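Encoded as structure tokens, here's the structure I'll be asking about.
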Amino acid sequence: MMTKTCHLNLLMDSERVSSSPVRLRIMLPTAAILVSVSMAIWWLILTGQDILAKTQMSNLRDDMERHQAENAKAIADAEMADELQSQLEQLEGYGESCKRRWSETLASLAEVMPLKVQLTKFEIPAPPPQVLSFVTVQKGKKRTVKLWGPTNKTESVSMVIAGRTPKETPVISLMESLEGDAFTNSIVIAKDPRNPNPSPKVRSFRQDIPQRGEGSRMLAFEIEYTAKERRFAK
Amino acid sequence: MEIKLTKDRKLTLGGKRRKRRGKLDITGVDLVPVEGKGCPAVRIVEKKGVLRLLAAGYVPAPSDPVPDSWEAAAKSCTWAFPTQFQSPAAALAVSSPDVFVAQTTLSALKSDISSGTHNKQESAASAGSRRIGLRREPRPAAQQATPSAPSDIAEPKPGVPVSNGGMRFVMRPLDGSDGFILEAGLPEYQALWYSRLLPEGRRPTAVSIQPRQAAIASCPVLQKAFSEAGGDVLALFADTGHFSIAGYKGGSMVLLRECRVGGGMSSIAEKLKKGLGLDDEMLSSALDDNLIDPRPVLDPLVAPIIDELSASKDYLSGKLGCEPKAVIVSGVDVGFSHWSSFCEERMRLKMARLDVFEGLLGVPPQCAGDFLVATGAALAVIGEEEAS
């Protein structure tokens, strides 16, 4: 029906413009410019970040080089401190384990002490001196090297009891008592005749010589017992 | 899609023709303002073959008149439409003394273009004998813009406007009219002025600039009488200053000519008032109510026009083998019944009054006669879009 109209249009195609406020011939170049500017800004930001990162990396590298010696010294110090700490802990362990407590022994001794015995001496002899240095030869020169502590892990301990008694029997009774369970933890009993260090070992048993002439009937005795050895280990 | 990058460079995306959308929304505007009201305008929406009248009214006339020369043309115009007429596209029906519509032949047009004297006065005089139509004599102002150099343009294509010698032309072949074409033209500076009336980026923008005489010829195609006659009709367009006749064969326009007699409706009304001794108010009631017999006065006035219609009918039947079955008339508001009876007596054809908004859904305004040209301009664009 409507297909037969005669449209004499004098408007050229080039003069036809869009009624839309969004005009492609303006929007396309504008969008292209905006995208280009955005890309340029983005590229500048990336370049700036790259330069900043490189500068930081260079500074860090310089810092690392500068602190490397200090860092090595600090690491060595830390290692030394760790080692010393471990040694200290070891020594503290040794010290703790090598303590000998005689109070129980003394208390038990008081209970088993016969009436006819007069205890004149209870001695824990000092141990032999420790070897805390040794001499070494390096490049033909002798050099003394000091040690931090004893190198042996055990130390022999002995106990000496001396006294006076009017007769022999109480002493024997005392020795028998010292072989009891109360002294098992502190005194070692070794009566084997083949043992080179027997315990107890009677050092002396003789007539006491009084200084002013009295008590001439008294007997003086001195007995050495081998005690439990000190162990410098946990 | 074509993107205009610069004045001379274009970027074409896809095909040449934009794909038709589902809806065509167009405002037709008659650039000849009605006294005290403005320019008649209609907004028509076509969707799935259904035409709907969205608005009909008047828009303020452009602030500047149609220029007579390049110098008088305003360089920038901003013509704003009321909200109801802000459709995406607008079809402008223009009129000026330099605008012409003529029925001619393609060979005559080629001859004029090749000689470079297409718009010159002597060319008009020589080609006038070959033309049947509304050719007007070019005005001196149009001559000033005419370059003297001959044109080198190619053969004109149907529906594609070309500029030549300071004038812009467009032509379309008349289907089944044995080589005749319909040609329209106006000075280039006026075409540019019209094309810049509606600025870009604001609704509406111009998609068509048509001469009023051509726009009005698109109106009858929606008439009931038109379809009942199978598209074989004659149409008489009565204006205040002249009459024009269009012939249709099978729905296609095959003839458009100016009626050289009758003067126009104003002239006839004046003669009737003088002959019958009536004033303006009495004239319409006397003619419509048959209180008096106006035939002795009306007959000599209408007869030459009916003779012209009869000649056109003979041309259609004799040359084109088309027998018109009705005459559709517009602009005859007074004494239509007498016109109809004259026509029936002399031509044996029924005369039907053209209802401007017939075939359109929506509420038409009361004074429909003002919107004939605007409606025709919109319908011409819609018809071409439908055909494409």
Side-chain angles (χ1 to χ4, degrees), chain A residues 1-68 70-71, chain B residues 1-5 10 46 49 51 88-89 92 94 101 159 161 163 168-172 174-175 182-186 191-192 194-196 198-211 214 217-218 221-222 227 231 248 250-253 256 359 379-384 386-387:
Chain A
M1 177 269 303
M2 283 293 299
T3 58
K4 302 294 184 182
T5 55
C6 187
H7 184 205
L8 291 174
N9 187 8
L10 285 157
L11 188 73
M12 291 190 174
D13 281 346
S14 60
E15 293 170 343
R16 291 180 67 151
V17 291
S18 171
S19 61
S20 171
V22 179
R23 279 165 266 176
L24 279 181
R25 68 181 172 82
I26 293 172
M27 294 302 293
L28 275 182
T30 307
I33 289 170
L34 284 176
V35 168
S36 303
V37 170
S38 304
M39 294 289 286
I41 291 172
W42 180 57
W43 184 80
L44 283 174
I45 291 171
L46 282 183
T47 307
Q49 287 179 342
D50 181 52
I51 292 170
L52 191 64
K54 282 180 179 173
T55 307
Q56 285 179 343
M57 189 176 70
S58 174
N59 291 341
L60 285 174
R61 193 168 286 162
D62 294 343
D63 286 348
M64 283 173 65
E65 287 176 2
R66 191 165 61 248
H67 292 304
Q68 204 163 11
E70 298 173 11
N71 188 40
Chain B
M1 182 173 62
E2 192 173 87
I3 302 167
K4 192 174 178 183
L5 299 175
K10 295 175 187 171
E46 187 271 339
L51 297 168
L92 308 180
V94 302
V101 177
S163 294
R168 185 181 294 184
F169 307 95
V170 68
M171 71 88 178
R172 276 193 185 277
L174 293 170
D175 294 338
L182 196 63
E183 177 195 8
L186 82 169
L192 288 172
Y194 283 125
S195 68
R196 293 170 185 172
L198 295 167
E200 184 182 15
R202 192 192 301 175
R203 290 187 165 199
T205 50
V207 295
S208 172
I209 297 173
Q210 309 168 47
S218 297
V221 295
L222 283 181
S227 55
Y248 300 85
S252 301
M253 191 169 69
L256 181 64
L379 291 180
V381 177
I382 292 171
E384 188 182 44
E386 273 194 346

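Model, not experiment: these values are computed from the prediction. Chain A is the first sequence line, chain B the second, and so forth, proteins listed ahead of strands; every chain is numbered from 1. Keep in mind that the numbers below use all heavy atoms, side chains included, and drop hydrogens, waters and symmetry copies.
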| field | From OG (B:S195) to CE (A:M12), nearest 0.5 Å | value | 9.5 Å

| request: Evaluate the side-chain proximity of B:P204 to A:S19: yes if any heavy-atom separation is below 4.5 Å, no if none is. | output: no

| field | Euclidean distance, B:E200 CD relative to A:S20 OG, rounded to 0.5 Å | value | 9.5 Å

| query | Which answer fits B:A184, side chain, backbone, both or neither, if we ask what part of it has an atom under 4.5 Å from a heavy atom of chain A? | reply | both

| task | Please examine the side chains of B:R196 and A:E15, heavy atoms only from C-beta on, and report whether any two atoms are closer than 4.5 Å. | result | no

| Should we say atom CZ of A:R61 is surrounded by more than 12 heavy atoms from elsewhere, each under 6.0 Å from it? | no

| field | Side-chain touch B:S218/A:H7, heavy atoms, less than 4.5 angstrom | value | no

| said: Looking at every heavy atom in both B:A206 and A:L11, which two are closest together, and how far apart are they? | reply: O-CD2, 3.2 Å

| task | Tell me, for B:R202 versus chain A, whether the close heavy atoms (under 4.5 Å) come from the side chain, the backbone, both or neither. | result | backbone

| query | Considering all heavy atoms of both residues, which atom of B:T205 and which atom of A:S18 are nearest to each other, and what is their separation? | reply | CG2-O, 3.7 Å

| query | So do A:L8 and B:Q210 actually touch side chain to side chain, heavy atoms under 4.5 Å? | reply | no

| query | Closest approach of B:G185 and A:L10, non-hydrogen atoms and distance? | reply | CA-CD2, 4.1 Å

| remark: Tightest non-hydrogen contact, residues A:N9 and B:V170, listed as O-CG2, 3.5 Å

| task | Kindly indicate whether the side chain of A:C6, heavy atoms from C-beta on, has any atom under 4.5 Å from the side chain of B:E384. | result | no

